[in-house]
Asker: 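Sharing a structure with you now.
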Protein chains: 2
Amino acid sequence: MRSPSELAQVFRDKHLKLTPQRQLLFSLLHQNPSHPTAESLYEIASKQMPGISLRTIYQTLGELAEMGELQLVDVGIGATRFDPNIGDHHHFVCESCRAIHDVDILTAPKMSLRNGGGFAVDEVGVIFRGRCNRCNHKQQVRSPGSQAKNKASN
Amino acid sequence: MRSPSELAQVFRDKHLKLTPQRQLLFSLLHQNPSHPTAESLYEIASKQMPGISLRTIYQTLGELAEMGELQLVDVGIGATRFDPNIGDHHHFVCESCRAIHDVDILTAPKMSLRNGGGFAVDEVGVIFRGRCNRCNHKQQVRSPGSQAKNKASN
DNA sequence: TTTTAATTTGCAGCTATTGCTAGCTAACAA
DNA sequence: TTGTTAGCTAGCAATAGCTGCAAATTAAAA
Ligand SMILES: [Mn+2]
Ligand SMILES: [Mn+2]
Ligand SMILES: [Zn+2]
Ligand SMILES: [Zn+2]
């Protein structure tokens, strides 16, 4: 994570203004490991800066992503998620509550020779889908006979 | 791939009618390995069945997916893709032309111990992003040795 | 046939996002 | 300080990609 003064420098170098909106969003993101949506950041931001525009949220998040200061995560359900963790990692998505959790993987996926030829791969994204701990417990309480397919206990 | 008569049986068992629309879409899908969108199937279907509704395309594709006859593939850009290949495989997405290609992987990704505990994983999706063979060649031919993003200006 | 439940269609409506642009303002110069 | 201005924000229209609804239609059982 970049410090506010480092951020200021990065902005200056790109002829970008260090506006209150940008500073707020940058700090909100870095306090928030939940992979929030633009909309949810908007709600949080609005408390500290009433009147801020949702348009500005999208605008700023897009810029920060272009600058490599954050990652866009699209898990295929609903809105794009924004991730201040720009390190190499992957995601688990709970199909019940839609929470997203960071995931480290042990073995990086490799394409087989068969389809590997001719593609220039820039990035690989792995999405694990299932039910999170909390949602699993809820389900078990409701229907104590049923079981999830696969527990990732390895 | 299921034969038309097998399909008829499956439908009958579920009290689903074997309508011309469903038969058409089923066959179009199985002729089409390009992971088409609903919209593109609509265009193709409209030629053989003018007046077919886009709503029906969505409806039918959704039903077929629920029946396990096809897979929904969401690669995070634009529309959902529909895949008659229901075997276990993954995808490469060209970020230039948005073509999607099937990918077999050599090593299945495993979550690390750290984050593995407590998640019930139903499925794992791997998406490789980059440039396909064709788009790679185009770029090289058009601007040999140049790094310019924008060639539109004269 | 007749009946009837399933299906199709058209259209309204929705979510997430982008396009546009009139004012506003951070930053730099004087 | 003040002025200048490139860059920014807010607001609203517009868009893509669907989904909800209900009237009209139809496959298929009776
Ligand atoms: Mn993350
Ligand atoms: Mn496929
Ligand atoms: Zn959950
Ligand atoms: Zn391509």
Side-chain angles (χ1 to χ4, degrees), chain A residues 4-5 7-26 28 35-43 45-46 48-67 69-70 72-83 93 98 100, chain B residues 4-5 7-26 28 35-43 45-46 48-67 69-70 72-82 98 100:
Chain A
S5 70
L7 185 73
Q9 190 55 51
V10 171
F11 275 26
R12 211 168 300 118
D13 292 349
K14 306 203 176 203
H15 304 281
L16 299 177
K17 292 183 184 175
L18 191 63
T19 64
Q21 289 87 343
R22 280 173 177 163
Q23 291 174 77
L24 174 59
L25 278 168
F26 180 83
L28 287 183
H35 305 84
T37 62
E39 196 76 45
S40 75
L41 283 167
Y42 174 56
E43 279 166 33
S46 294
Q48 294 187 49
M49 190 183 281
I52 191 173
S53 164
L54 177 58
R55 188 67 188 83
T56 300
I57 308 287
Y58 275 109
Q59 178 75 27
T60 303
L61 291 174
E63 286 164 354
L64 288 171
E66 252 180 62
M67 294 166 61
E69 296 292 325
L70 61 86
L72 305 190
V73 179
D74 195 322
V75 292
I77 48 169
T80 299
R81 305 300 199 99
F82 297 87
D83 193 347
V93 188
R98 299 192 160 190
I100 298 183
Chain B
S5 69
L7 185 72
Q9 190 55 51
V10 172
F11 274 27
R12 211 169 298 118
D13 291 349
K14 304 203 177 207
H15 304 280
L16 298 177
K17 293 182 184 175
L18 193 62
T19 64
Q21 289 88 343
R22 280 173 177 163
Q23 291 174 78
L24 174 59
L25 277 169
F26 180 84
L28 287 184
H35 306 82
T37 63
E39 197 74 45
S40 75
L41 283 167
Y42 174 56
E43 278 166 34
S46 294
Q48 294 187 50
M49 189 182 283
I52 191 173
S53 164
L54 177 59
R55 189 67 187 81
T56 300
I57 309 285
Y58 276 108
Q59 178 77 25
T60 304
L61 292 175
E63 286 164 355
L64 288 171
E66 251 180 62
M67 295 165 61
E69 297 292 326
L70 62 85
L72 305 189
V73 178
D74 195 321
V75 293
I77 46 168
T80 299
R81 306 299 201 98
F82 297 88
R98 298 192 163 192
I100 297 183

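We name chains A, B, ... by the order of the sequence lines, and we start the count at 1 in each one. Quantities reported herein were computed from a predicted structural model and do not represent experimental measurements.
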Asker: For the side chain of B/L16, counting heavy atoms from C-beta on, which of C/dT7, D/dC8, D/dC18 is nearest?
Answerer: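 The answer is C/dT7.
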
Asker: Measure CD1/A/I52 against C1'/D/dT9 and give the value in whole Å, please.
Answerer: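 Checked: the CD1 to C1' distance equals 9 Å.
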
Asker: Grab the CD-C1' distance between A/Q23 and C/dA27 for me, whole Å please.
Answerer: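 To the nearest whole Å, that distance equals 13 Å.
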
Asker: Whole-Å distance between D/dC8 P and A/Y58 OH?
Answerer: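 Atom-to-atom, A/Y58 to D/dC8, this comes out as 20 Å.
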
Asker: Given side chain to side chain contact (heavy atoms under 4.5 Å, CB included), test B/V75 with B/V73 step by step and report yes or no.
Answerer: CA-CA 6 Å; B/V75 293; B/V73 178; 3.9 Å; yes

Asker: Between atom CG in B/L54 and atom C1' in D/dC21, what is the gap in whole Å?
Answerer: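 The answer, rounded to whole Å, is 16 Å.
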
Asker: Measure from the side-chain heavy atoms of B/T56 and tell me the nearest of D/dC8, D/dA27, C/dT9.
Answerer: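 From the listed options, C/dT9 comes nearest.
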
Asker: So if I take every side-chain heavy atom of A/R55 and compare against C/dA5, C/dT9, D/dC12, which nucleotide ends up nearest?
Answerer: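 Shortest atom-to-atom distance from the side chain points to D/dC12.
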
Asker: Compare the minimum distances between each of C/dA16, C/dA26, D/dA29 and the side chain of B/R12, then state the nucleotide with the smallest one.
Answerer: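 Within the option list, the nearest is D/dA29.
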
Asker: Take A/M67 and A/L16 through the test side chain to side chain contact (heavy atoms under 4.5 Å, CB included) and record every step on the way to the result.
Answerer: CA-CA 11 Å; A/M67 294 166 61; A/L16 299 177; 3.9 Å; yes

Asker: In terms of side-chain heavy atoms of A/Q21, which of C/dT18, C/dA5, D/dT9 is nearest?
Answerer: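 The nucleotide sitting nearest to the side chain is D/dT9.
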
Asker: Nearest to the side chain of A/T80, which nucleotide is it out of C/dT17, D/dA27, D/dC8?
Answerer: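 The listed nucleotide nearest to A/T80's side chain is C/dT17.
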
Asker: Starting from the C-alpha separation in whole Å, work towards a yes-or-no answer on side chain to side chain contact (heavy atoms under 4.5 Å, CB included) for A/R81 and A/R98.
Answerer: CA-CA 11 Å; A/R81 305 300 199 99; A/R98 299 192 160 190; 4.1 Å; yes

